[in-house]
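Have a look at the structure below, then the notes.
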Amino acid sequence: MACAELAIAVIGCDEEAALRLIHTDVTHVDRRSGYSLLHHAAQFGLTKVVEALVSRLPVEATTVDLVLQGHVVQAGGQTPLHLAAANGHSATVDVLVGAGADRLFRDWDGLTAGDLALAQGYEAIASRLKGKPHDPTLVAAKRKTRAAALLAVPDHLRTAYVLPLLSLDECDRVVAAVVSTAAAKDGWSTDRHVNYATTDLASSACPLVDAWLRNLVKIRIFPTLYRNHRASIIEFRDLFFVQYSATSQNSLDLHRDATPLSFNVLLNSPHHFEGGGTFIEADARTYHIPQGHCLVHSGKLRHAANPVTFGSRLVLVAFLDIENKSGGH
Ligand SMILES: O=C(O)CCC(=O)C(=O)O
Ligand SMILES: [Fe+2]
C-alpha cells in the first residue's frame with residue numbers, strides 16, 4: 001500500500017515533508033495519469049526527492065495521455081525526464097540523466113525531453129539533452145490520429161438512457177442539504193470546472209448527504225452501468241450539484257466532459273422552471289427527465305444544458321471513469 005501522506009507531500013510540492021516520509025512505500029502510481037511519485041517530483045523540480053527516488057522507481061516509467069475537454073493537452077509516454085525538462089528544472093534533469101534516464105526516449109508525439117525543453121524556451125537544457133531532431137510533420141500527424149482515437153465513441157456509449165434513482169422525498173432531502181450548504185458557504189462556486197464552468201457545489205462539500213447519495217447511486221444504478229458498459233471498474237471522478245436559474249447562469253454551451261460516462265439527475269420539480277433539459281447533439285434532441293430520474297450519457301458526445309427561461313433547475317451531475325474488461329473505455 002503506497003503512502004498517501006508521501007504522495008500528498010510530493011504533489012503539494014512540500015519537499016521537506018516528502019524527504020521526511022521518503023523511507024515509506026513509494027510505489028504510488030495514479031491510474032488515470034500514469035504519474036509515479038518520480039513524475040510528480042520531476043515536474044515540480046524537487047531535486048532532492050528525485051535523488052532519493054531514482055534508485056527505487058523506474059526512470060523510464062511513462063504517463064498516459066491527459067485529456068481536457070476533448071483535446072490532448074499532454075502527450076502520454078512521458079518519462080520523469082520529459083517533465084523535468086519541459087518545466088526547466090536543470091538540476092533535476094542532471095540527476096535523472098545521471099541515474100540513467102534515456103535522453104532520446106520519445107513520448108507518444110515522438111518528442112524527446114530535449115524537444116519539450118526547446119519548445120518551452122529552455123535552450124540550455126535542450127542543448128545538454130541534444131539528439132536527432134524530430135520530424136514535426138510526423139509528430140503532428142501522430143497527434144491528430146491519437147486525438148481522433150480518443151474522441152471516437154464506442155457503440156456502448158452512443159445511446160443515452162434514463163433510469164429512476166431517487167424518490168421525491170429523497171430529492172427533497174438532497175435539495176434541503178444543498179440549499180443549506182450553499183447558504184453556509186458563501187453560495188455557489190463558478191470556478192470548479194475550467195472550460196465549461198457551471199454554477200455548482202461539490203457533493204463532498206455537503207457532508208449531510210454526500211456519502212448517503214454516493215451509496216444510493218452505487219446500489220441503485222451502478223449494477224446497470226456495469227452491465228450496459230461491460231465495465232470492470234466504475235469510479236466517481238466528480239459528483240456535484242448544478243443550479244441553472246433564469247436570473248443567473250441559465251445554460252451550459254455544447255461541450256464534452258472529461259470522462260467517458262456522465263449522468264445528471266433532476267432534483268427539483270419540473271414545475272419550478274421552464275426550459276432546461278439536456279441537449280445531446282448526436283440525437284438532435286433535448287431530454288427532459290422526471291424529478292429523481294437520471295439521464296445517463298457519454299461525456300464524449302457533445303451535449304449542452306438548454307437555457308432555463310423561468311425559475312431554477314437543480315441537478316446532480318456525475319463524471320464517471322470507467323474501464324471495460326478489455327482495458328479501454
Ligand atoms: O445540466 C445538464 O443537463 C448537463 C450538465 C453538464 O453537462 C455538465 O455539468 O457537464
Ligand atoms: Fe457535461
Side-chain angles (χ1 to χ4, degrees), residues 67-71 73 150-151 153 157-166 171 174-175 178 182 188-206 210 213-214 217 221 225 229 234-322 329:
V67 179
L68 189 65
Q69 300 297 356
H71 299 286
V73 293
L150 280 164
L151 291 182
V153 184
L157 288 172
R158 285 184 185 278
T159 318
Y161 51 96
V162 179
L163 300 172
L165 175 62
L166 301 174
C171 286
V174 177
V175 172
V178 172
W188 298 75
S189 63
T190 50
D191 55 5
R192 293 187 60 251
H193 300 106
V194 181
N195 288 349
Y196 291 89
T198 38
T199 302
D200 58 28
L201 194 67
S203 172
S204 56
C206 298
D210 181 52
L213 207 43
R214 283 173 197 265
V217 169
I221 65 170
L225 302 186
H229 304 290
I234 301 184
E235 275 175 7
F236 288 105
R237 166 99 55 114
D238 200 356
L239 185 68
F240 54 101
F241 304 102
V242 184
Q243 173 166 264
Y244 302 94
S245 146
T247 53
S248 55
Q249 179 170 7
N250 69 351
S251 61
L252 189 60
D253 287 345
L254 264 184
H255 65 282
R256 295 185 176 88
D257 302 328
T259 43
L261 198 63
S262 304
F263 68 71
N264 69 68
V265 181
L266 181 61
L267 293 172
N268 66 338
S269 163
H271 301 301
H272 290 165
F273 61 90
E274 280 167 17
T278 311
F279 174 74
I280 298 194
E281 184 185 45
D283 297 347
R285 67 167 274 206
T286 299
Y287 290 81
H288 292 279
I289 55 175
Q291 188 176 8
H293 282 56
C294 172
L295 174 69
V296 182
H297 64 93
S298 174
K300 289 172 168 246
L301 293 175
R302 290 210 305 169
H303 58 284
N306 271 3
V308 166
T309 52
F310 167 80
S312 62
R313 165 178 178 251
L314 185 65
V315 292
L316 170 71
V317 175
F319 293 159
L320 302 172
D321 278 305
I322 64 172
H329 289 331

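Just follow the structure's listing: the first ligand is 1, and inside any ligand the first atom is 1. Note that the coordinates shown come from a computational prediction; the quantities given were computed from them, not determined experimentally. Heavy atoms only: backbone and side chains are in, while hydrogens, waters and symmetry mates are out.
For ligand 1 and Ala305, the ligand atoms under 4.0 Å from any heavy atom of the residue are 1 (O), 2 (C), 3 (O). Ligand 1 places these atoms under 4.0 Å from at least one heavy atom of Asn264: 2 (C), 3 (O), 4 (C). Less than 4.0 angstrom separates some heavy atom of Thr278 from each of these atoms of ligand 1: 2 (C), 3 (O). Close contacts of ligand 1 with His303, meaning ligand atoms under 4.0 Å from a residue heavy atom, involve 7 (O). Within ligand 1, counting atoms from 1 as listed, the ones closer than 4.0 Å to a heavy atom of Arg313 are 1 (O), 2 (C), 3 (O). Within the listing of ligand 1, atoms 10 (O) sit less than 4.0 angstrom from a heavy atom of Phe319.
The nearest heavy-atom contact from the protein to atom 5 (C) of ligand 1 is Tyr244 OH, 3.4 Å.
The shortest side-chain heavy-atom distance between Val315 and Phe241 does not fall under the 4.5 Å cut-off.
Taking the Fe ion (ligand 2) as the corner point, the angle from His255 atom NE2 to Asp257 atom OD1 is about 90° (rounded to 10 degrees).
With a 4.0 Å heavy-atom cut-off, ligand 1 is reached by the side chain of Leu252 but not by its N, CA, C or O. At a 4.0 Å heavy-atom cut-off, ligand 1 touches Asp257 through the side chain alone.
Within the cation-pi definition used here (under 6.0 Å to the ring centroid, within 45° of the axis), Arg214 qualifies as a partner of Phe236.
In terms of modelled atom types and a separation under 3.5 Å, the side chain of Thr198 and the main chain of Asp200 share no donor-acceptor contact. A distance-only check finds no donor-acceptor pair linking the side chain of Asp321 to the backbone of Ile234 [under 3.5 Å]. Between the Gln291 side chain and the Leu267 main chain, a donor and an acceptor come within less than 3.5 Å of each other.
Residue contact check for ligand 1: Tyr287 places no non-hydrogen atom closer than 4.0 Å to it.
Between Phe319 and Phe240, a ring centre-to-centre spacing shorter than 6.0 Å is recorded.
With a 6.0 Å radius and a threshold of 12 heavy atoms from other residues, nucleotides or ligands, Phe310 has its CZ atom at or below the threshold.
Under the side chain to side chain donor-acceptor pair (under 3.5 Å) rule, His303 has a single partner from Thr278, Asp283, Asp257, which is Asp257.
Between Thr198 and ligand 1, no pair of N/O atoms sits closer than 3.5 Å.
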